[in-house]
Protein chains: 2
Amino acid sequence: MFSADQIADIQGFNKVYQNLMKQIDSAILKTGYTLTEKDVLLEISKTERCTANILIQQLSIDRSYMSRMIAKFEKHGLIEKTQSQTDNRIRYIRLTQLGQKEINRLSDVQSNHIGNVFNKLSEEDQQTVWQAMVLIRNKLSDANDVITIRPFTQSDIEYVISRHKTLYYAERHLSGTFSGYVDEIVYRFVENFNPESDILKILECNGVPAGSIAIAKVNSETAQLRFFMLEPEMRQRGYGNRLMDMALDFCREKGYKKVFLLTITAQVVARHVYETHGFYKVSSNDKSEWGDGVVEERWEIML
Amino acid sequence: MFSADQIADIQGFNKVYQNLMKQIDSAILKTGYTLTEKDVLLEISKTERCTANILIQQLSIDRSYMSRMIAKFEKHGLIEKTQSQTDNRIRYIRLTQLGQKEINRLSDVQSNHIGNVFNKLSEEDQQTVWQAMVLIRNKLSDANDVITIRPFTQSDIEYVISRHKTLYYAERHLSGTFSGYVDEIVYRFVENFNPESDILKILECNGVPAGSIAIAKVNSETAQLRFFMLEPEMRQRGYGNRLMDMALDFCREKGYKKVFLLTITAQVVARHVYETHGFYKVSSNDKSEWGDGVVEERWEIML
DNA sequence: TAAAAATAGTTGACGCAGTCCATTATATTA
DNA sequence: TAATATAATGGACTGCGTCAACTATTTTTA
């Protein structure tokens with residue numbers, strides 16, 4: 001158990017960290033958006049085929065409040081609404097160019113502030129603090145989160161797959177011709193999905209999707225591993241390995257002899273997972289049309 | 001510099017920790033008080049000779065808002081106001097018994113929640129997380145806080161000295177006959193204060209008092225070290241040692257041959273500072289009237 | 001020593017984030 | 001075909017927190 005001194009330390013940590021948060025928050029407020037509005041905008045940018053209802057569920061915000069916020073965004077030209085072809089109740093929300101610009105501004109404010117705080121530290125301290133944060137996050141999350149891995153449902157497809165696009169690529173500042181490419185391969189994968197030869201699993205944290213992995217048949221002997229993704233807060237906690245184990249088990253079960261995957265050089269953390277599971281790099285391929293110096297790599301494993 | 005993965009990790013940490021905070025906050029809100037009200041009540045309980053203005057400055061809250069809050073507290077019987085004898089503009093705020101009860105309830109909610117989160121961890125993990133928190137707090141604070149050590153002013157006396165009482169003793173669950181004793185020695189010290197033979201320094205963090213140390217002349221050869229105190233978030237960052245260095249330097253300068261201090265056994269962190277500066281324990285003294293199993297110790301150093 | 005400026009506190013008016021409830025329109029289910 | 005669920009909107013309201021004006025007292029200064 002904790003001593004009185006240690007409890008005081010923890011409350012001291014809370015105080016200091018809350019103070020930091022407050023600074024970031026007030027910087028955001030100066031941009032003219034509320035914190036809730038910021039969250040909503042960021043969520044819109046992360047969500048393909050976004051609807052008001054998805055936002056309501058994802059962020060636990062009141063329906064009417066959301067309705068008014070969206071109306072305001074539309075009025076200010078940040079978003080556009082398009083009627084769904086299949087369900088007339090639904091109006092899809094899409095960011096305009098101006099909206100994207102505003103979001104960039106907002107996330108810049110946020111990350112610049114974090115950057116400023118960390119830049120005051122020495123290179124060494126930066127790494128130490130980062131490690132400490134990862135440690136705390138992992139320990140505290142493990143103790144409180146409810147984690148499940150489940151098969152995908154129709155509702156996951158548009159939402160989580162688009163997330164994959166955001167996290168796996170946008171984090172690495174890829175752009176341009178790339179976005180359309182991902183759309184295409186994702187929808188093609190789902191269209192051709194066959195439960196006998198393919199797999200698409202969702203890692204769920206407290207009821208919210210937080211990661212994914214997929215296996216796609218190429219031929220009777222070969223499968224491709226795809227859409228391997230983890231939300232930042234789920235990383236380095238063993239969930240990546242669990243998803244990978246599950247996927248490779250499926251491949252062995254179905255009699256695949258070889259599994260390959262395509263990734264890019266910068267994807268450091270994921271690479272670690274690939275290596276520990278026995279994948280090895282077989283080739284590199286320049287993909288500078290996706291971004292400066294991006295190199296696509298092909299990794300394989302023999303089962 | 002940070003990699004994209006590391007920045008994502010930090011934002012993941014923010015997300016997880018903010019979530020934890022939100023839980024604590026909503027637990028507080030269920031008690032029927034706003035978060036601001038909770039802060040105000042806690043500040044009142046920590047501040048001897050508390051006035052509305054002190055609260056306004058300390059918590060950066062609007063005058064009118066504070067006025068209404070205090071009126072509400074008074075109406076609900078949590079506090080009592082008494083007119084100052086020396087300045088008719090000032091009304092002192094004092095907690096009633098009911099008020100103290102409510103504060104205990106509030107801080108119990110807070111620390112129970114923290115306790116619950118940590119109790120889900122193994123003993124070992126608890127220590128690891130605690131260490132990580134201390135580390136982050138220290139590194140981030142050092143980079144952002146403006147620290148000064150300055151002589152005391154009249155306005156510090158009532159405020160900071162009462163803080164000493166709270167932190168140094170209340171944290172350790174001392175009670176009863178003790179409170180009056182501290183009041184007495186503090187006011188006696190200030191009354192007899194002589195800048196030639198005594199010292200009382202305030203450690204200030206971002207303009208807010210966050211620690212103190214004092215030297216009181218006993219006779220021409222002997223001085224007593226008193227009121228050595230640090231706010232929890234300032235501990236383990238070397239400020240304790242800096243205060244101590246300064247105090248002992250003063251003693252050497254003034255020609256004292258011996259410095260002693262009285263402390264209690266549970267004061268683990270402070271003891272470490274005493275030891276590293278060359279103090280040694282000379283006697284123990286049962287003080288169970290201050291609390292269960294409390295033992296007062298006398299430490300000395302020869303200069 | 002009288003006027004000006006600062007300090008402590010109160011009161012009125014109000015903005016605005018966020019909530020609750022009712023309503024419309026469409027889709028799904030029984 | 002009626003009953004129920006879902007998507008979204010609009011009206012009314014609560015209440016935290018802010019701004020500004022005002023009283024009363026003390027301190028400064030000219």
Side-chain angles (χ1 to χ4, degrees), chain A residues 22 25-26 28-44 47 49-76 79-94 106 153-155 158-159, chain B residues 22 25-26 28-41 43-44 47 49-76 79-94 153-155 158-159:
Chain A
K22 260 190 203 165
D25 287 350
S26 76
I28 293 284
L29 289 174
K30 274 181 200 145
T31 62
Y33 295 98
T34 29
L35 300 176
T36 320
E37 284 172 342
K38 176 213 71 182
D39 289 343
V40 171
L41 281 172
L42 282 175
E43 199 68 23
I44 292 175
T47 309
R49 310 274 159 110
C50 182
T51 68
N53 225 39
I54 288 176
L55 295 171
I56 288 164
Q57 286 164 17
Q58 202 66 21
L59 300 170
S60 310
I61 291 178
D62 180 85
R63 306 186 140 272
S64 56
Y65 188 23
M66 181 62 73
S67 176
R68 270 182 268 265
M69 246 186 283
I70 288 171
K72 186 179 160 194
F73 292 156
E74 198 182 12
K75 191 180 155 199
H76 288 138
I79 57 166
E80 282 169 347
K81 286 199 274 190
T82 55
Q83 188 76 39
S84 161
Q85 299 302 313
T86 54
D87 187 332
N88 280 319
R89 294 171 305 183
I90 295 173
R91 252 139 285 184
Y92 286 116
I93 297 164
R94 233 196 28 228
L106 283 168
T153 69
Q154 203 61 28
S155 68
E158 296 188 340
Y159 176 72
Chain B
K22 262 190 199 165
D25 287 350
S26 76
I28 294 282
L29 289 174
K30 276 183 199 142
T31 63
Y33 295 99
T34 2
L35 299 176
T36 320
E37 283 172 343
K38 176 212 73 182
D39 289 342
V40 172
L41 281 172
E43 199 68 21
I44 293 174
T47 311
R49 309 272 162 112
C50 182
T51 69
N53 226 38
I54 289 177
L55 295 172
I56 288 164
Q57 285 164 18
Q58 202 65 21
L59 300 171
S60 309
I61 290 177
D62 180 84
R63 307 184 140 270
S64 57
Y65 188 22
M66 181 63 73
S67 175
R68 271 182 266 268
M69 247 187 285
I70 288 171
K72 186 179 160 193
F73 291 155
E74 196 180 16
K75 193 181 153 199
H76 287 69
I79 58 166
E80 283 169 347
K81 287 199 275 190
T82 56
Q83 189 75 40
S84 160
Q85 300 301 312
T86 54
D87 187 335
N88 280 320
R89 293 171 304 182
I90 295 173
R91 252 139 284 185
Y92 287 116
I93 295 165
R94 233 197 25 230
T153 69
Q154 203 61 25
S155 66
E158 297 187 340
Y159 176 73

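Protein chains get the first letters and strands the later ones, always in sequence-line order, with residue 1 at the start of each.
You'll find that the side chain of A:Ala52 is closest to D:dA8, out of D:dA8, C:dA13, C:dT19. Distances were taken from every side-chain heavy atom of A:Tyr65 (C-beta onward) to each of C:dG9, C:dT10, C:dT19; the shortest belongs to C:dT19. With D:dA7, C:dT10, D:dC16 as the candidates, the nucleotide lying closest to the side chain of B:Thr34 is D:dC16. Side-chain proximity of B:Asn88 to D:dT26, C:dA8, D:dA8: nearest is D:dT26. The B:Ser67 side chain lies nearest to C:dT10 when the options are C:dT10, D:dT9, C:dG18.
At a cut-off of 3.5 angstrom, the base of D:dG10 holds no donor-acceptor pair with the side chain of A:Arg63. Between the side chain of A:Arg89 and the base of D:dT9, no donor-acceptor pair under 3.5 Å is found. For D:dC19, its base sits under 3.5 Å from the side chain of B:Ser64 at one donor and acceptor pair at least.
Within the nucleic acid shown, A:Arg68 comes within 4.0 Å of at least one base atom, counting heavy atoms only.
When the P atom of D:dA20 is taken as reference, atom CE of B:Met66 falls 20 Å away, rounded to whole Å. Regarding B:Asp62, its CG atom lies at a distance of 15 Å from the P atom of C:dT11, rounded to whole Å. Atom CG of A:Asp87 and atom P of D:dA5 are 17 Å apart (whole Å).
Put simply, the side chain of B:Met69 reaches to within 4.5 Å of the side chain of B:Thr36, judged on heavy atoms. Between A:Leu42 and A:Leu106 there is no side-chain heavy-atom pair separated by less than 4.5 Å.
Annotation: B:Gln83, atom CD; neighbour count of heavy atoms from other residues, nucleotides and ligands within 6.0 Å is above 12.
Among residues two or more places apart in sequence or in another chain, the side-chain contact (heavy atoms from CB on, under 4.5 Å) test is passed with A:Lys81 by A:Ile70, A:Glu74, A:Arg91, A:Ile93.
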